[in-house]
Student: 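I'd like to ask you about the structure that follows.
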Amino acid sequence: MSELFHVGISGARGRMGRAVSQALDAREDVMVAVRFDWGETPDLSLCDVVIDFSTAEASVALATACAEAGGPALVIGSTGFSPEQDAALQAAADKVAIVRSGNFSLGVNILIGLVEQAAHRLDARDWDIEIAEAHHRKKVDAPSGTALMLGEAAAAGRGHDLSDLRRAPYDGISEERETGTIGFSSVRAGGIVGEHTVLFASEAEVLTLSHSAIDRSLFAKGAVAAAAWVRTRRPGLYDMQDVLGFRQA
């Protein structure tokens, strides 16, 4: 039997927090040490790792507290971070191991790799890229963290940062599309778990790469796998490419 480890759940009363709790309960090698939400002060010394699906503000506060205490390790699935919050997470990762991802799905992370390769091989002068995503009505950030990850992969495939190529959603009368740019669009409706589509379009053909999440449990299972992986790692800021072994050390 695998060694027992102790996990805390941040954002425990939210949708993802409840899904993570169910995923942890299904494993025999895990014990849930604490469950808490923003504003509460749990005893983090009881945990080997904390899984956090809350808000950017709450995640930064949690990461800072863990860094100051020298642990525990973190798995962060919150999205919508500002540049200042990104910098704070990076600073915390100098002292504790953190896995941060906008999406913990295995399928999505494979999609990210495919998008980067396609963008690299399809000439930007001939192929436009559009990224569309849809989520439930309660999601507050747009585009989603996963859509931005896909955009970053597409931009990397073309040898650029996403900030160089990203364009705002189309609205009203605008100029002709600029060659090589990456467009985004978002839908917020009902209880949609998560849908992402990357469209590569030339004047002669269209290539569509997409992923649909059917059950929120797939994200929870990925986060638990990340927790099992990160609890023994050195300080640093990791992502699911590291957890899945896609990125060589």
Student: Could you state whether Leu114 and Leu150 fall into the same hydrophobic cluster, counting links through intermediate Ile, Leu, Val, Met, Phe, Trp or Tyr residues with side-chain heavy atoms under 4.5 angstrom apart?
Tutor: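 In one cluster with Leu114: Leu150, yes.
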
Student: For the side-chain hydrogen bond (donor to acceptor under 3.5 Å, both in side chains) test, which of His196, His211, Arg188, Lys139 pairs with Glu133?
Tutor: Arg188

Student: Would you name the heavy atoms of Ser210 and Thr197 that are closest together and state the gap between them?
Tutor: CB-OG1, 3.6 Å

Student: Looking only at the side chains, is there a donor atom on one of Ser45 and Asp43 sitting less than 3.5 Å from an acceptor on the other?
Tutor: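 Yes, side-chain donor-acceptor contact under 3.5 Å.
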
Student: Work out which heavy atom in Ser186 is nearest to a heavy atom in Ala142; give both atom names and the distance.
Tutor: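 That would be OG-CB, 3.8 Å.
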
Student: Does a side-chain heavy-atom distance below 4.5 Å link Val96 with Pro72?
Tutor: no

Student: So do Leu106 and Leu244 actually touch side chain to side chain, heavy atoms under 4.5 Å?
Tutor: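 They are in side-chain contact.
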
Student: Start with the C-alpha distance between Val75 and Val50, add both sets of side-chain angles, then the distance that settles side chain to side chain contact (heavy atoms under 4.5 Å, CB included), and finish with yes or no.
Tutor: CA-CA 6 Å; Val75 173; Val50 174; over 6 Å; no

Student: So do Thr208 and Val198 actually touch side chain to side chain, heavy atoms under 4.5 Å?
Tutor: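 Not touching, per the 4.5 Å side-chain cut-off.
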
Student: Taking Arg27 for the side chain and Ala23 for the main chain, is one N or O donor matched with an acceptor at less than 3.5 Å?
Tutor: no

Student: Could you check if a side-chain atom of Tyr238 sits within less than 4.5 angstrom of a side-chain atom of Ile98, using non-hydrogen atoms only?
Tutor: no

Student: Just verifying a value: how many Å separate Thr181 OG1 and Arg158 CZ, rounded to the nearest 0.5 Å?
Tutor: 8.5 Å

Student: Do the non-hydrogen side-chain atoms of Trp127 and Thr179 ever get within less than 4.5 Å of each other?
Tutor: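 A side-chain contact is absent here, since even the closest heavy-atom pair is not under 4.5 Å.
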
Student: Between Phe104 and Leu218, does a side chain to side chain contact (heavy atoms under 4.5 Å, CB included) hold up when you go through it step by step?
Tutor: CA-CA 8 Å; Phe104 286 92; Leu218 71 91; over 6 Å; no

Student: Give the minimum heavy-atom separation between Trp38 and Ala61, together with the two atoms involved.
Tutor: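 That would be CZ3-CB, 3.7 Å.
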
Student: Please lay out, stage by stage, how Asp48 and Val7 fare under the test side chain to side chain contact (heavy atoms under 4.5 Å, CB included).
Tutor: CA-CA 6 Å; Asp48 297 306; Val7 178; over 6 Å; no

Student: For the residue pair Gly77 and Phe53, what are the closest heavy atoms and their distance?
Tutor: CA-CE2, 3.5 Å

Student: May I ask you to establish whether Arg100 and Phe81 are in a cation-pi arrangement, using a distance under 6.0 Å from NZ or CZ to the six-membered ring centre and at most 45° from the ring axis?
Tutor: yes

Student: What distance do Ile129 atom CD1 and Leu165 atom CG have between them, rounded to the nearest 0.5 Å?
Tutor: 8.0 Å

Student: Quick one: CD1 on Ile192 to OG on Ser212, what's the gap to the nearest 0.5 Å?
Tutor: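 These two atoms lie 10.0 Å from each other.
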
Student: Do Val30 and Val230 share a hydrophobic cluster (ILVMFWY, side-chain heavy atoms under 4.5 Å, transitive)?
Tutor: yes

Student: Quick one: closest heavy-atom pair of Ala155 and Asp161, and the distance?
Tutor: CB-C, 3.8 Å

Student: Donor-acceptor pair, distance only, cut-off 3.5 Å: does the side chain of Glu116 make one with the backbone of Gly113?
Tutor: no

Student: More than 12 heavy atoms of other residues, nucleotides or ligands under 6.0 Å from CD of Glu40: is that the case?
Tutor: yes

Student: Between Asp52 and Ser54, is any side-chain donor less than 3.5 angstrom from a side-chain acceptor?
Tutor: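 On atom types as modelled, these side chains qualify, holding a pair under 3.5 Å.
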
Student: Rounded to the nearest 0.5 Å, what separates atom CD in Gln241 from atom OG in Ser101?
Tutor: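 If we round to the nearest 0.5 Å, Gln241:CD and Ser101:OG are 8.5 Å apart.
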
Student: Hey, is Asp37 close enough to Arg13 for a salt bridge, meaning N to O under 4.0 Å?
Tutor: yes

Student: Which atoms form the tightest heavy-atom contact between Arg177 and Gly183, and what is the distance?
Tutor: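 Nearest pair, atom of Arg177 first, then Gly183: NH2-N, 4.0 Å.
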
Student: Got more than 12 heavy atoms from elsewhere within 6.0 Å of NE2, His136?
Tutor: yes

Student: If two hydrophobic side chains count as joined below 4.5 Å and joins carry through other members, does Leu207 share a cluster with Ile182?
Tutor: yes

Student: Are Ile214 and Val193 close enough, and set up right, to give a side chain to side chain contact (heavy atoms under 4.5 Å, CB included), and what steps lead you there?
Tutor: CA-CA 7 Å; Ile214 299 171; Val193 175; over 6 Å; no

Student: Please list all pairs passing the side-chain hydrogen bond (donor to acceptor under 3.5 Å, both in side chains) test where one or both residues lie in residues 62-81, with sequence neighbours left out.
Tutor: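 Applying side-chain hydrogen bond (donor to acceptor under 3.5 Å, both in side chains) to every pair that reaches into residues 62-81, excluding sequence neighbours, yields Ser59-Ser78, Thr79-Asp141.
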
Student: Check for a donor-acceptor pair, side chain of Asn109 on one end and backbone N or O of Ile112 on the other, with a separation under 3.5 Å.
Tutor: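 No.
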
Student: Taking the side chain as every heavy atom from C-beta outward, state whether Ser217 and Gln22 have any atom pair closer than 4.5 Å.
Tutor: no

Student: About how many Å separate CE of Met149 and OG of Ser144, when rounded to the nearest 0.5 Å?
Tutor: 9.5 Å

Student: Got a second to check how far Ile9's CD1 is from Met16's CE, nearest 0.5 Å?
Tutor: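 Separation between the atoms: 10.0 Å.
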
Student: Check the hydrophobic clustering (I, L, V, M, F, W, Y; side-chain heavy atoms under 4.5 Å; chains of links allowed) and say if Phe219 and Ile110 are grouped together.
Tutor: yes

Student: Decide yes or no for Phe5 and Asp29: does some side-chain heavy atom of the first lie under 4.5 Å from some side-chain heavy atom of the second?
Tutor: yes

Student: Could you tell me if Arg166 sits above the aromatic ring of Phe184, with its cationic atom closer than 6.0 Å to the ring centre and no more than 45 degrees from the axis?
Tutor: yes

Student: Is Asp126 reaching over with its side chain to a backbone N or O of Asp123, donor-acceptor style, under 3.5 angstrom?
Tutor: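 Pair absent, no side-chain N/O of Asp126 close to backbone of Asp123.
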
Student: Please tell me whether Leu62 and Val224 are part of a single hydrophobic cluster in this structure, the criterion being side-chain heavy atoms less than 4.5 Å apart.
Tutor: no

Student: Less than 4.5 Å apart, any side-chain heavy atom of Val99 and any of Leu74?
Tutor: no

